[in-house]
Number of protein chains: 2
Amino acid sequence: MKITIKDIAKLADVSTATVSKIVNNKDQSISSATREKVKSIIEEYNYVPNRIASSMITKKTNSIGLIIPDIANPFFPELARGAEDMANKNGYNIILCNSDNDLSKEDSYIEMLQEKMVDGIIFTSSSRRSSVSNTLKKLHIPIITVDREIEDLKSNCRIKVKNREGAFEAVSYMISRGYKKIVNLAGPMTSKPSKDRLEGYIEALVKNNLVVDEKYIIEGSFTSEWGYKGILDIIRKKLEFDSVFCGNDLIALGVLKGLRENGLNVPKDIGVVGFDDIYMATMIDTELTTVRQPNYQMGYKAAQLLINMLENKHYIDKEYILDTKLIIRKTTR
Amino acid sequence: MKITIKDIAKLADVSTATVSKIVNNKDQSISSATREKVKSIIEEYNYVPNRIASSMITKKTNSIGLIIPDIANPFFPELARGAEDMANKNGYNIILCNSDNDLSKEDSYIEMLQEKMVDGIIFTSSSRRSSVSNTLKKLHIPIITVDREIEDLKSNCRIKVKNREGAFEAVSYMISRGYKKIVNLAGPMTSKPSKDRLEGYIEALVKNNLVVDEKYIIEGSFTSEWGYKGILDIIRKKLEFDSVFCGNDLIALGVLKGLRENGLNVPKDIGVVGFDDIYMATMIDTELTTVRQPNYQMGYKAAQLLINMLENKHYIDKEYILDTKLIIRKTTR
DNA sequence: TTGAAAGCGCTAACAT
DNA sequence: ATGTTAGCGCTTTCAA
């Protein structure tokens with residue numbers, strides 16, 4: 001039988017109210033004699049307060065839901081870590097949910113989380129979510145969207161990254177290094193970041209008086225498999241190109257592999273630029289030139305914003321845009 | 001004001017007991033007329049049951065704590081994903097905790113999780129934990145240790161991997177390929193898997209009548225930084241060697257980088273073998289020969305075992321040992 | 001087939 | 001400085 005606050009109260013010969021105050025450090029008005037007595041009994045009997053019972057009254061669980069597509073995708077662990085660090089620092093816990101970009105899985109997680117009374121949700125929504133689902137509409141706790149915003153979702157905090165600007169800077173740099181036929185192996189266009197990066201690519205081309213050729217823009221997914229397959233396709237079709245701007249680093253890794261297998265030298269024959277700056281970007285033979293995204297910061301900031309809203313009970317509807325940074329390494333000449 | 005079971009009961013003109021039964025599908029004895037009526041009202045008013053209140057009574061939260069050193073370390077995302085998949089399939093949630101191998105952080109998470117009334121814990125304990133802490137001793141919920149067991153922790157389920165056998169197989173293979181001077185750049189010896197892998201290394205050497213030279217065994221940490229630094233050290237010291245058996249893939253990646261920077265060709269000059277088979281092992285130029293660990297499976301199995309114990313209220317104290325597999329790729333001749 | 005009522009462990013307002 | 005008490009939202013006997 002687990003020991004409860006009542007047991008402690010009885011053992012210490014005080015009321016449960018007194019014990020409660022001591023357990024929660026609201027003991028300004030408690031004499032140090034009783035405080036010590038109660039504390040030692042708590043210690044002795046190894047009392048563990050039931051926070052679920054507290055939650056019933058305080059209406060706070062100090063839990064935050066984190067919904068991401070897949071923790072096994074190298075983009076998300078750092079984000080999750082950032083969120084968890086900030087959460088932990090403030091006495092919150094993170095409930096991890098992998099949605100696999102599946103809309104119905106997302107919705108069912110959202111419902112689960114609400115039933116578990118989480119205080120708020122950090123959400124990297126599916127690239128495929130075009131509008132607000134019923135579940136999302138009915139949501140009555142604060143939600144922060146990270147990386148991918150949800151159009152039509154009213155009043156929520158958004159954390160984004162300068163995708164367009166980052167891509168613009170990267171492609172401009174490629175052009176400045178003499179690359180002229182730049183293939184864009186993009187992510188899925190259902191995702192806002194993908195769209196924004198494409199915009200940046202086009203903008204850089206236009207500003208430098210290069211033609212934008214649709215044959216050079218190929219949409220795929222954010223995986224190295226797609227990068228590999230994509231570049232192989234391009235080579236087979238004998239498309240003339242001197243460089244590849246990739247939707248993310250995973251794609252770039254696949255591209256590098258495909259290029260290598262075809263005897264193409266990077267950066268001599270072909271230049272390659274990624275996006276994200278995942279950990280592996282520096283561990284490969286020819287270190288990847290890429291656009292760094294502040295992954296950890298995104299998670300950290302998201303949790304910070306959310307906790308702020310929670311503690312101040314003051315919900316803001318605002319957009320935070322974090323900077324990217326071009327990291328020049330070895331895959332561009 | 002949030003809507004409660006009482007509101008629904010009043011609106012449907014039934015008792016809360018009836019609503020409760022319907023919400024939880026214990027409605028064999030409810031007439032379909034009432035069932036339909038109640039369900040439509042629940043729908044209409046968008047009622048979300050408060051599972052925390054249920055938990056008070058049922059003594060089950062359907063939450064599982066997952067304590068790992070660091071989700072940003074490539075070894076853990078897959079493990080976490082495996083655990084979350086199995087949990088989700090059974091209606092459980094995962095609370096993610098990053099301990100940074102910090103004993104006091106581990107303990108404080110364990111306490112937090114107990115206060116939140118999680119049903120059980122999946123725990124990859126710090127490599128530095130030599131014996132059972134007070135917190136761990138007082139634990140009164142089931143705990144499954146994964147990868148690293150805790151000596152002295154009584155009656156808990158353990159999931160491990162054949163580290164010794166895997167290392168033995170790998171090093172034996174290296175020897176069969178003609179490598180004779182095999183450096184072992186190991187992980188920290190405070191970690192059981194490290195110790196076991198070292199044992200396997202030694203065993204293979206001995207069985208093949210090669211001398212075991214302490215100069216060739218260097219203990220470090222499970223990071224690529226250490227692998228890089230370690231190999232640089234070895235080269236500087238002009239130690240004669242023809243191959244490196246690494247404590248894990250991260251170390252191997254660092255080794256590969258150091259070798260490359262010193263103009264050493266892999267596998268012609270030097271052979272390299274890792275351990276884990278992380279995703280990146282195939283994405284690098286010279287794909288890494290390594291020992292595959294069933295990361296996802298470990299998490300999946302851990303959650304499965306835990307949930308089984310929870311549902312059957314029958315706690316087992318048993319060891320599950322999963323197989324490793326030597327994956328021969330390009331870093332060995 | 002349905003409902004009344006006790007109570008899970010705790011907090012917070014209010015009283016003393 | 002401490003205690004009394006109502007009640008958070010729900011489940012679960014037990015009775016009707």
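Here is the naming used below: chain letters follow the sequence lines, and residue numbers restart at 1 for every chain.
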Review point. If you look only at pairs with a residue in residues 297-307 of chain A, which of them pass as a side-chain hydrogen bond (donor to acceptor under 3.5 Å, both in side chains), with sequence neighbours excluded?
Key: Lys89(A)-Tyr300(A)
Check your understanding: Tell me the side-chain hydrogen bond (donor to acceptor under 3.5 Å, both in side chains) pairs involving residues 136-147 of chain A, sequence neighbours left out?
Key -> Gln114(A)-His140(A), Thr145(A)-Asn156(A)
Review point. Which residues satisfy the side-chain hydrogen bond (donor to acceptor under 3.5 Å, both in side chains) test with Asn50(A), sequence neighbours excluded?
Key: none
Practice item. Please tell me if the side chains of Ser55(A) and Met117(B) come closer than 4.5 Å, counting only heavy atoms from C-beta onward. Key: no
Review point. Can you tell me if the side-chain N/O atoms of Lys2(A) get under 4.0 Å from OP1 or OP2 in dC8(C)?
Key: no
Check your understanding: Given dT1(C), is OP1 or OP2 found less than 4.0 Å from the side-chain N or O atoms of Ser29(B)?
Key -> no
Using atom [atom1] of [X] as one end and atom [atom2] of [N] as the other, report the distance to the nearest whole Å.
| X | N | atom1 | atom2 | value |
| --- | --- | --- | --- | --- |
| Gln28(B) | dT2(C) | CD | C1' | 14 Å |
| Ile22(B) | dT12(D) | CD1 | C1' | 16 Å |
| Asp27(A) | dG3(D) | CG | P | 14 Å |
| Glu115(A) | dG9(D) | CD | P | 15 Å |

Review point. Contact class for Asp13(B) (heavy atom, under 4.0 Å): base, sugar-phosphate, or nothing?
Key: sugar-phosphate
Practice item. List the steps, then state whether side-chain hydrogen bond (donor to acceptor under 3.5 Å, both in side chains) holds for Ser63(B) with Lys116(A). Key: CA-CA 9 Å; Ser63(B) 296; Lys116(A) 290 225 171 152; 3.2 Å; yes
[Y] backbone acceptor or donor facing [X] side chain under 3.5 Å:
| X | Y | answer |
| --- | --- | --- |
| Asn88(B) | Glu84(B) | no |
| Ser194(B) | Pro188(B) | yes |
| Lys37(B) | Ala12(B) | yes |

Review point. Crowded around Glu43(A) CD? As in, over 12 foreign heavy atoms under 6.0 Å?
Key: no
Review point. Hey, what bend do you get for the helix from dT1(C)-dA16(D) to dT16(C)-dA1(D) if you fit axes on five pairs at each end, rounded to 10°?
Key: 30°
Check your understanding: In residues 31-40 of chain B, which residues come under 4.0 Å of DNA chain C by heavy atom?
Key -> Ser31(B), Thr34(B)
Exercise for review: Please determine which of Asn98(A), Thr124(A), Ile110(A) meets the side chain to side chain contact (heavy atoms under 4.5 Å, CB included) test together with Ile67(A).
Suggested key: Ile110(A)
Check your understanding: Can you give one letter per nucleotide of nucleotides 10-16 of chain C, going 5' to 3': B for a protein heavy atom under 4.0 Å from the base, S for sugar-phosphate only, - for none?
Key -> BBB----
Practice item. Test side-chain hydrogen bond (donor to acceptor under 3.5 Å, both in side chains) on Glu111(A) and Thr135(A) and set out the steps. Key: CA-CA 7 Å; Glu111(A) 266 158 32; Thr135(A) 306; 3.1 Å; yes
Study note, to complete from the structure: By nearest-heavy-atom nucleotide on DNA chain C, the more 5' of Ile30(B) and Met56(B) is Ile30(B)
